[in-house]
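So you know, we letter chains A, B, ... as the sequences are listed, proteins then strands, and number each from 1.
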Amino acid sequence: MDYQFKDIEKKWQQFWADNNTFKADNNSSKPKYYVLDMFPYPSGAGLHVGHPLGYIASDIFARYKRNKGFNVLHPMGYDSFGLPAEQYAIQTGQHPSLTTEANINTYRRQLDQIGFSFDWSREVRTSSPDYYKWTQWIFMQLFNSWYNKAAEKAESIDSLVAHFETKGSAGIVAVSDEDTLTFTVDEWKALSEKAKQEELLKYRLTYLRESTVNWCAALGTVLANDEVKDGFSERGGYPVEQKKMMQWSMRITAYAERLLQGLDTIDWPEPLKEMQRNWIGKSVGASVKFPLSLSPTLSEGEGAEKVSPIGGDSEGASYIEVFTTRVDTIFGVSFLVIAPEHELVAELTTVEQKADIDAYIAQTKKKSELDRMADTKTVSGAFTGSYVTNPLNGDKIPVWIADYVLAGYGTGAVMAVPSGDQRDYLFAKHFDLPIIPIIDIQNIETEADPTKEGKYINSDFINGLGYKEATAATVAKLEEIGLGKAKVNFRMRDAIFGRQRYWGEPVPVYFRNELPYLIDEKELPLELPEIDKYLPTETGEPPLGRATKWVNPLTHSKFDYALNNYRDRYYKEISEALVFKLNNALSPKYGTYLKKEALINDIIIDFLIDMPTFKLAIDITYYKTKDTRRANARRKYLKYYRIPYLQFTEDELVKLDLDSIIKKIERFEIRPQLFSATDWNYHHQFEYELSTMPGWAGSSWYWYRYMDADNNTEFASEKAIAYWKDVDLYIGGSEHATGHLLYSRFWNKFLKDIGKAIEEEPFKKLINQGMIQGRSNFVYRLIDGEGRGTNTFVSHGLIKEYKTSPIHVDVNIVENDVLNINKFKTWREDFADAEFILENGKYICGVEVEKMSKSKFNVVNPDDLIERYGADTLRMYEMFLGPLEQSKPWNTNGIEGVFKFLRKFWRLFHDANWNFVVSNDAPSKAELKALHKIIKKVEEDIERFSFNTSVSSFMIAVNELTDLKCNKRAILENLVIVLAPYAPHIAEELWSLLGNSEGTISTAAYPKFQPEYLVEDEFAYPVSFNGKVRTNISLPLTMQPADVEAAVLAHADVQKHLDGKAPKKVIVVKGRIVNVVV
RNA sequence: GCUCAGAUGGUGGAACUGGUAGACACGCAGGACUUAAAAUCCUGUUCCCGUAAACGGAGUGCGGGUUCGAUUCCCGCUCUGAGUACCA
């Protein structure tokens, strides 16, 4: 039979599923290998051809490793909490779990038909309570931990309490908030429970802090940075303001140094590591305190006290602290700049300068982050009127504010050295401040010179020294006088760990006396409650504020199913038209609409009047149903939630007109506040945290869950973790560089600190797959004399001769850039009568590489390609496209070639009439050579992730064997194994046709490469003259270089080129090349 | 601006440690089979000159350098993509 890819692929996909072929074993004597793909978010659009690229690569690798004798873990699952499903829920009222479920099903179907060797028995979904139970559990461990800098690891908060109880705060070196208290044992013991908890919160690895967020009042929600465009929401275009909010944060900064050091130990792409290094942003320098000179407007004692709360020490003196990486330039400081938002600004501003400063602050506030960013040229700032003292020479230094200094970085203050820093230089020039040269070779005529070469001048005790000695001497002096010290600063901030959203993991926390407490571990998972709509409450609380009770969404969906059947029945019995009329009927009294099939917690109400202060349920089925049990259950529910309800009989509904129904509804006496919120508090007393966890929570530890996905008692058993340890190969996009990949490393280090994980780093080797871009096609509409578009289209090669405008055309009706004119005419109605100006009888389209998107008509769906060519062709073609790491435009032009290759491969096993025929004869030398060449090549290619080159090599091998008319089992059986990771379906089929038992190819041993088959006796030496190859001369490989030289020079062709002249020099590289210099 | 990656035929790309540039595939052109088309097979295909062919010249973004020899190493530049941003 000809190559019937459809039957073959269906058959083997079914076989793998039925036989759990790829189930990984947690108890194996084989060495382990863990291949992981980055967690996909199941979006509504399904897979496009870009998504599977990495999955195919990792699948090839996983299958190859199985053939190499490894016990391979290759799982897949879904990062299924996320904004798109929630957005859809807001628009349609459909529960996000249903949307998510539907999307996952699409994904699964698409993944299945590509033939991946995933172990689906370990599938995880972050939105499933079985999973997020452990996300919450890890959150609890973080809450119960603090970072001990002395031990360089996280420890239980109990150890901190024990320390406080026996030694007070002395001797604690921790990563904590800045405002921790200093206390003795007795002072600690004297603190109230509340005060103690408040203090401990400053140490916990997850803690509450006030942070600035993008608040959009119109949408009633917090927006991510990329949802804000120029100060307005991307969705709807409503104004966005900066608002302070209490938010959960993760103390990732505690791990900054370890996150940085760890990068040197892992095999990741250098650009990715560089991105993380930049993000962590370590800078080594010094912090320096500049004591305040009292401003003339403040009376001596008063002024000092006023400023002391921020920068004060025990003596009551005050100062501004700066961080600098160039403490050696301190004698060149001619002014200080602090951020306009800096806490000291108000205190420092003198009466004379107040107007200036206020104006400047007002101006800064108007500027968005973007404006501040874009405008690097304008120099702006304002003088506070106050001065500080240079701690090393006592110079009086003016304090300015300027928006180029950010409150959030370092101390929010910089010492300005105009001679060494270009920004300071421009500032000094603009405001006419002194520029002091401090290094002898410095050239500061036109710009700053940040050199570290040369000797210091104008610099007191470091005059004449070099950079290193000067820095050391300055730091030593500052430490001696207590006004500075060496310091390491990190750019990275603590990560905000909360979203004012519904579709995420609930935070397992309740509040008592305004302080957060963890819920009991036995009560995990804290399940996401049902709510009536997915918007913030009327008082601006997150959507969870609408919850009346925390219930299990899974039971909800069961209930929903039951009600679905129920609904079918009564819809037949009462008039459809009436239901339709009732739906969206307006109640004049309440100014609201009746909502059909509204959801309250986990039951569905026929109709609902939904107001901020009350709800009224309308039950039209009460008298009709024979299932009294269910009817009673509904009534009980409504009572339980104190929702009043009205019941109509069917007769009433049929007889009454709409107005009468509305009247009856409005006659119902509604008492406000009936709908109370007391039933869903923690233990009926305390309020729950209402924000949910961010998108990265669930993905920060998921690779451990795959190790032991069904475990009910732990996130993964100690034994499973001990066996699988870490991910050996991780494939995914570089867009996760500073998000997921940093947070995952952080959580992994934490899990190691608390003794749960073994390895310091979770992902040993990481490969970035390149993005697949879209390749758009264009047609060119002819523009007539009056500038209007016509219905005539000009082929791309001729557009220079006409006036045209380009229009995107669906790439699916274009083949090799030739437009299918008939399909084009039916594509859009207005093109039905289109006319064409052709070249060589064809319409050639223009091409551009752009992002793949629906609006550009350049989306290619894998389903269509699989339908046409099969999964094996798609898999090989995606690899054939080019190096995995490189971004490239998608282009189906070459897919035919890959399909032809697979057919040609199939033909090796068949005669002219498509009968399966293989011979048992001994293979020839040439056949063995072809085989061993490919065995070696593919092995090398896979190990260095060069999948595109091995596809080419397969083609070469099959071309060679076709030329040799080889159908020998000894060759083909091995070839099938080598091809199997790339094209598993065809390989399985041929493997079983060869008489092997079904499915065993997955673990068949990879053929051993035998170099003796590739040994050559002769080599055709390329002979070049001055580096230009002129001829080839075949000589034995055993010949020594001197003999090669002699033989080459004696050759007639060489003599001809030499033309009687003697060569100056002859270079012979054995087995490589001969170069004759003339 | 900074950091990183990249630039090779009409197209995707190959050349792994400096050693025959353009493998493999697409496309295109010509041919075979066919009444014809599709499918399949064969031949050619970097450019220029010449032109049946041999042969000659140029050529891996641009300009230099190191070397017997450079797509590969070094210096300077241009362009493209990604990340990041007044980071002290």
Below 4.0 angstrom from OP1 or OP2 of B/A25, is there any side-chain N or O of A/Asn959?
-> yes
Separation of the [atom1] atoms in [N] and [M], to the nearest angstrom:
N: B/G61; M: B/C42; atom1: C1'; value: 38 Å
N: B/G69; M: B/C48; atom1: P; value: 29 Å
N: B/G6; M: B/G57; atom1: P; value: 34 Å
N: B/G64; M: B/U71; atom1: P; value: 15 Å
N: B/A14; M: B/A7; atom1: P; value: 9 Å
N: B/C87; M: B/U80; atom1: P; value: 25 Å
N: B/C55; M: B/U45; atom1: P; value: 14 Å
N: B/U72; M: B/U20; atom1: C1'; value: 15 Å

Pairs: protein N or O with nucleotides 36-41 of chain B N or O, under 3.5 Å:
none

For [N], the Watson-Crick or wobble partner whose two distances fall under 3.5 Å:
N: B/U17; answer: none
N: B/A58; answer: B/U46
N: B/U84; answer: B/G1
N: B/A53; answer: none
N: B/G69; answer: none
N: B/U40; answer: B/A32
N: B/C26; answer: B/G10

Want to settle it: does A/Val1076 or A/Met275 sit nearer the 5' end of RNA chain B, counting the closest nucleotide to each?
-> A/Val1076
Walking RNA chain B from its 5' end, the first of A/Lys1065 and A/Ala413 to be reached, judged by nearest nucleotide, is A/Lys1065
What residues form a ring pair (Phe, Tyr, Trp, His ring centres under 6.0 Å) with [X], not counting sequence neighbours?
X: A/Phe901; value: none
X: A/Phe947; value: none
X: A/Trp268; value: none

Rounded to the Å, how far apart are [X] [atom1] and [N] [atom2]?
X: A/Arg491; N: B/C2; atom1: CZ; atom2: C1'; result: 11 Å
X: A/Gln422; N: B/C87; atom1: CD; atom2: C1'; result: 17 Å
X: A/Met771; N: B/G83; atom1: CE; atom2: P; result: 8 Å
X: A/Phe899; N: B/C24; atom1: CZ; atom2: P; result: 22 Å
X: A/Asn768; N: B/G81; atom1: CG; atom2: C1'; result: 14 Å
X: A/Ile401; N: B/C86; atom1: CD1; atom2: C1'; result: 15 Å
X: A/Met876; N: B/A25; atom1: CE; atom2: P; result: 12 Å
X: A/Leu742; N: B/U84; atom1: CG; atom2: C1'; result: 14 Å

When we call it a touch if two heavy atoms are under 4.0 Å apart, what does A/Arg1030 touch: a base, just sugar-phosphate, or nothing?
-> sugar-phosphate
Just call it for A/Asp424: base, sugar-phosphate, or nothing, with non-hydrogen atoms closer than 4.0 Å on any strand.
-> nothing
Quick one: does A/Tyr982's side chain get under 4.5 Å of A/Val951's, heavy atoms only?
->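 Of all side-chain heavy-atom pairs linking A/Val951 with A/Tyr982, at least one is under 4.5 Å.
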Decide, for B/G22, between syn and anti: a glycosidic angle within 90° of 0 counts as syn, anything else as anti.
-> anti
Side chain to side chain donor-acceptor pair (under 3.5 Å) partner of A/Arg326, the single match among A/Asp328, A/Thr329, A/Thr324 |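 Filter result, single survivor: A/Asp328.
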Is it true that the NZ or CZ of A/Lys289 lies under 6.0 Å from the centre of A/Tyr319's six-membered ring and within 45 degrees of the ring axis?
->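 Because its charged atom sits under 6.0 Å from the ring centre and within 45° of the axis, A/Lys289 does stack over A/Tyr319.
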B/C87 base / A/Asn489 side chain donor-acceptor hit below 3.5 Å =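 Result: no qualifying N/O pair found.
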Check whether the side chains of A/Tyr877 and A/Asp872 place a donor and an acceptor atom closer than 3.5 Å, and report yes or no.
->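 Distance-only check fails for A/Tyr877 and A/Asp872.
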What residues form a salt bridge (Lys or Arg N to Asp or Glu O under 4.0 Å) with A/Lys6, not counting sequence neighbours?
-> A/Glu867
What is the distance from atom CG of A/Asn768 to atom CD of A/Glu735, rounded to the nearest 0.5 Å?
-> 8.0 Å
Going 5' to 3' through nucleotides 12-21 of chain B, assign each nucleotide B (protein heavy atom under 4.0 Å from a base atom), S (under 4.0 Å only from sugar-phosphate atoms) or - (no protein heavy atom that close).
-> BSSSB--BB-
Going through the checks in order, is the side chain to side chain contact (heavy atoms under 4.5 Å, CB included) test met by A/Phe905 and A/Phe954?
-> CA-CA 9 Å; A/Phe905 180 68; A/Phe954 277 123; over 6 Å; no
Taking atom NZ of A/Lys929 as the centre, report whether more than 12 heavy atoms of other residues, nucleotides or ligands fall under 6.0 Å from it.
-> no
Any idea which of B/A23, B/C4, B/A88 is nearest the A/Ile956 side chain?
->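 For the A/Ile956 side chain, the nearest candidate turns out to be B/A23.
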Kindly indicate, with the supporting measurements, whether the criterion side chain to side chain contact (heavy atoms under 4.5 Å, CB included) is fulfilled by A/Ser734 and A/Leu272.
-> CA-CA 7 Å; A/Ser734 60; A/Leu272 195 76; 4.2 Å; yes
